[in-house]
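Sequential numbering from 1 along the given sequence is applied to the chain's residues.
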Amino acid sequence: MGLLRELLLLPVAPLRGTGWVLGQVLTEAERQYYDPAAVQRELADLSRRLDAGEIDEEEFDRREDELLDRLQAPQAQQSQQTQQTQQT
């Protein structure tokens, strides 16, 4: 049965491969986006830009809030998953 299924699905193999590659790219992009070290580097650069007068206080506050949200997002997601697991 498995061999027959694979033969029938052979024409869509390139699509399945493309889907797998896109999933891998998305996973890596999210890992880099939420990486605490990267977020901390961006926070340091943001602070440097504020000190240098390249951005104003309002822009600093807006960007800082975005970066702090990125830093906290994986922790919140992990907490949600833990709660769902405990409820099951």
Side-chain angles (χ1 to χ4, degrees):
M1 190 69 166
L3 179 61
L4 181 61
R5 180 176 169 263
E6 289 301 317
L7 285 174
L8 291 174
L9 292 177
L10 193 58
V12 294
L15 294 176
R16 290 187 344 200
T18 301
W20 180 83
V21 169
L22 290 175
Q24 296 300 310
V25 169
L26 179 62
T27 300
E28 181 62 18
E30 286 178 342
R31 187 192 65 75
Q32 289 180 12
Y33 183 75
Y34 291 112
D35 179 30
V39 174
Q40 290 171 351
R41 281 192 302 272
E42 288 185 51
L43 282 168
D45 183 56
L46 191 63
S47 180
R48 181 199 56 79
R49 291 178 62 201
L50 177 66
D51 292 342
E54 297 175 16
I55 59 173
D56 61 3
E57 189 74 32
E58 184 178 318
E59 175 71 11
F60 175 82
D61 288 340
R62 185 182 64 75
R63 289 286 297 138
E64 182 185 39
D65 288 343
E66 291 172 5
L67 290 169
L68 292 175
D69 287 345
R70 271 177 46 192
L71 198 57
Q72 295 171 349
Q75 295 168 352
Q77 185 179 24
Q78 189 176 34
S79 175
Q80 264 185 340
Q81 288 175 348
T82 302
Q83 288 176 353
Q84 289 175 350
T85 303
Q86 291 174 352
Q87 290 176 353
T88 312

In plain terms, say whether E42 and R70 are close enough for a salt bridge, that is, a side-chain N and a carboxylate O under 4.0 Å apart. yes
By side-chain hydrogen bond (donor to acceptor under 3.5 Å, both in side chains), R31 pairs with (sequence neighbours left out) E28
Check whether T18 reaches the backbone of P14 with its side chain - one donor and one acceptor, N or O, closer than 3.5 Å. yes
Check: Looking at R62 and E66, does any basic side-chain N land under 4.0 Å from a carboxylate oxygen?
Finding: yes
Here the gap from E30 atom CD to D35 atom CG, rounded to the nearest 0.5 Å, amounts to 13.0 Å
request  = Dump the intermediate steps for side chain to side chain contact (heavy atoms under 4.5 Å, CB included) on D45 and R41, then the final yes or no.
outcome  = CA-CA 6 Å; D45 183 56; R41 281 192 302 272; over 6 Å; no
Could you tell me if the side chain of L9 sits less than 4.5 Å from the side chain of R16, heavy atoms only? yes
Rounded to the nearest 0.5 angstrom, the CG-CZ distance for L7 and R5 is 11.5 Å
Taken to the nearest 0.5 Å, the spacing of E59 CD from L50 CG works out to 10.5 Å
Here the pair of heavy atoms bringing F60 nearest to L46 is CD1-CG, 3.6 Å
**Asked** With the threshold set at 4.0 Å, does a side-chain nitrogen-carboxylate oxygen contact exist between R48 and D51?
**Response** no
d(L67 CG, E64 CD) to nearest 0.5 Å is 8.0 Å
Grouping ILVMFWY residues whenever side-chain heavy atoms fall under 4.5 Å, the cluster of Y34 otherwise contains Y33
